[in-house]
Structures are given as structure tokens and as C-alpha cells.
Novice: 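Handing you a structure now.
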Amino acid sequence: MTELAAANGSERTQALLKLTQRLTALIQEETRLFKARRPHEAIELQTEKTELANIYRAEVARARQEPGRFTGAPEQAKALLREATKAFHTALDENGRVVNAMKVLTEGVVKAIADEAARQRHAGSGYGANGNRPSAPTGGFAMAVNHTA
């Protein structure tokens with residue numbers, strides 16, 4: 001389903017309002033989980049969030065192509081939809097900032113681990129039996145990253 005079930009502009013406005021409010025709540029919950037350093041719990045939100053986001057994008061695109069889709073809706077309902085849309089964009093902005101901060105932090109941790117591994121790999125281990133320093137091992141090194149953390 002990529003279209004709201006609505007027979008007229010008033011029903012469409014109400015349906016889009018409910019969809020926008022639910023999508024906003026999901027994004028706010030995801031942001032809360034990210035801030036609480038529990039991103040793995042946000043996975044449970046992804047299916048519903050993706051489905052609603054697809055419907056939202058499709059409905060917004062249709063509204064741009066057909067401005068009359070909301071004709072007949074009460075002004076109060078349209079005002080509520082405008083406010084819900086502002087709240088949605090505010091939630092998206094905050095979510096984007098938190099996701100970006102997590103990305104930067106994760107990249108920093110991975111780089112620090114890789115740098116330390118490289119440093120240890122190239123660190124001298126003293127002298128060998130003949131009094132010479134052993135040659136540094138050649139080749140790469142392996143590193144595993146846990147995608148669930």
C-alpha cells in the first residue's frame with residue numbers, strides 16, 4: 001500500500017495527519033534509543049517506519065502534483081496537519097544529528113582500534129638470538145567488526 005485510504009480531501013487530511021503523527025513518534029523513539037546507546041533496540045521500529053515513510057513520501061509527491069487532493073478539508077484539520085508536519089521535520093532533524101554523531105563516534109573508535117593494531121604490529125619486540133632486531137612481519141592484518149553493537 002502506497003496511498004492513503006481516503007474518499008475525499010477531509011478524510012485524506014485526517015489520514016495523513018495520523019500517519020505523520022505516528023511516523024514522528026517512531027522517529028522520536030528511535031532517536032531516544034540512539035541517545036540511550038541502545039541502537040539495537042531500534043531495529044524493531046524499522047519495518048513500520050519504512051512502510052509509513054514510503055506512504056508519506058508517495059502522498060506528499062501526489063499532493064505536489066495534485067494540489068486539490070485536500071480540497072474540502074476543514075481549515076482546523078489543515079492547520080493540525082501543518083503543525084504535525086513541522087514536528088515531523090523537527091524530529092527528523094534531531095534524528096539526523098544523533099545518527100551523524102553516532103557515525104562519527106563509531107568511525108573514531110574503528111580508526112583508533114586499527115591504529116593501535118597497526119602500532120602493535122610494527123612495534124619492535126627486542127633483539128633476536130643473533131643480536132639483530134627481527135624484521136617486521138609483512139602482509140595485512142584482519143579485524144572483525146560487530147555490526148550489532
Side-chain angles (χ1 to χ4, degrees), residues 1-6 9 11-70 73 75-128 132-149:
M1 178 176 105
T2 59
E3 187 169 359
L4 295 174
E11 287 180 13
R12 186 167 290 107
T13 301
Q14 287 300 320
L16 186 56
L17 175 62
K18 287 179 184 176
L19 181 142
T20 304
Q21 289 170 332
R22 178 61 185 150
L23 191 53
T24 301
L26 288 169
I27 290 169
Q28 289 170 332
E29 177 63 9
E30 179 182 71
T31 302
R32 185 189 69 75
L33 290 169
F34 288 165
K35 285 180 174 181
R37 293 185 174 93
R38 298 185 345 226
H40 57 282
E41 293 179 29
I43 292 170
E44 298 171 13
L45 307 173
Q46 296 310 306
T47 300
E48 182 182 5
K49 187 179 84 167
T50 299
E51 290 172 2
L52 294 181
N54 287 336
I55 296 168
Y56 182 86
R57 276 190 290 268
E59 192 60 37
V60 168
R62 283 186 199 95
R64 285 187 183 127
Q65 292 173 351
E66 306 169 40
R69 288 180 66 81
F70 298 98
E75 283 305 314
Q76 182 181 8
K78 289 180 182 178
L80 288 172
L81 180 57
R82 281 190 290 275
E83 288 303 313
T85 301
K86 287 179 188 175
F88 173 63
H89 286 281
T90 298
L92 278 177
D93 289 344
E94 182 179 10
N95 184 273
R97 284 190 300 276
V98 170
V99 167
N100 189 52
M102 286 178 48
K103 177 182 175 266
V104 168
L105 178 65
T106 302
E107 288 173 350
V109 169
V110 169
K111 182 176 180 343
I113 291 169
D115 289 349
E116 180 62 18
R119 186 189 67 75
Q120 288 180 9
R121 198 172 124 233
H122 293 296
S125 59
Y127 293 95
N132 295 328
R133 293 186 67 102
S135 61
T138 59
F141 68 95
M143 179 172 70
V145 177
N146 183 347
H147 284 47
T148 62

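What you see is a predicted model; the values in this text were computed from it and never measured. Both backbone and side-chain heavy atoms feed into the values below; hydrogens, waters and symmetry mates do not.
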Novice: How about Gln28 and Glu94: does a side-chain donor come under 3.5 Å of a side-chain acceptor?
Specialist: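 Glu94 and Gln28 do not have a side-chain donor-acceptor pair below 3.5 Å.
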Novice: First locate atom CZ of Phe70, then atom NZ of Lys78, and finally report the distance between them rounded to the nearest 0.5 Å.
Specialist: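 It is 9.0 Å, given to the nearest 0.5 Å.
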Novice: Is it the case that more than 12 heavy atoms not belonging to Gln76 sit under 6.0 Å from its CD atom?
Specialist: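 Counting neighbours around CD of Gln76, 12 or fewer heavy atoms of other residues, nucleotides or ligands fall under 6.0 Å, so no.
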Novice: Measure the CD-CG distance between Glu51 and Leu23 for me, rounded to the nearest 0.5 Å.
Specialist: 11.5 Å
Novice: Answer yes or no: is there a side-chain heavy-atom contact under 4.5 Å between Gln14 and Arg12?
Specialist: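 No. Closest side-chain heavy atoms not under 4.5 Å.
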Novice: Could you report the tightest heavy-atom contact between Leu19 and Leu52, atom names first, then the distance?
Specialist: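 Distance-wise, the nearest heavy atoms are CD2-O, 3.9 Å.
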Novice: Between atom CG of Leu16 and atom NZ of Lys18, what is the distance when rounded to the nearest 0.5 Å?
Specialist: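 Those atoms lie 12.0 Å apart.
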Novice: Salt bridge (Lys or Arg N to Asp or Glu O under 4.0 Å) between Lys111 and Glu107: does it pass, once the steps are laid out?
Specialist: CA-CA 6 Å; Lys111 182 176 180 343; Glu107 288 173 350; over 6 Å; no
Novice: Among Glu29, Glu30, Glu44, which residue meets the side-chain hydrogen bond (donor to acceptor under 3.5 Å, both in side chains) test with Lys49?
Specialist: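 So, applying the side-chain hydrogen bond (donor to acceptor under 3.5 Å, both in side chains) to Lys49 and each of Glu29, Glu30, Glu44, only Glu30 qualifies.
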Novice: For the residue pair Asn54 / Arg57, report whether a side-chain donor-acceptor contact shorter than 3.5 Å exists.
Specialist: yes
Novice: So, taking the atom named CG in Asn100 and the one named CG in Asn95, what distance separates them when rounded to the nearest 0.5 Å?
Specialist: 11.0 Å
Novice: Rounded to the nearest 0.5 Å, what separates atom OG1 in Thr20 from atom CG in Leu80?
Specialist: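 Separation between the atoms: 11.5 Å.
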Novice: Using every non-hydrogen atom in the two residues, find where Ala91 and Ile27 come nearest and quote the distance to one decimal.
Specialist: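 Reported closest heavy-atom pair: O-CG2, 3.6 Å.
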Novice: Which heavy atom of Gly9 sits nearest to which heavy atom of Ala73, and what is that distance?
Specialist: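 Heavy-atom minimum between the residues: O-CB, 3.7 Å.
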Novice: Can you tell me how far OG1 of Thr24 sits from OH of Tyr56, rounded to the nearest 0.5 angstrom?
Specialist: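 Answer rounded to 0.5 Å: 7.5 Å.
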Novice: Begin from the C-alpha positions of Thr13 and Leu17 and carry the test side-chain contact (heavy atoms from CB on, under 4.5 Å) through to its verdict.
Specialist: CA-CA 6 Å; Thr13 301; Leu17 175 62; 5.5 Å; no
Novice: Within the side chain of Glu83, is there an N or O that forms a donor-acceptor pair under 3.5 Å with the backbone of Ala79?
Specialist: no
Novice: Got Arg38 and Arg32 here, is their nearest side-chain heavy-atom distance under 4.5 Å?
Specialist: yes
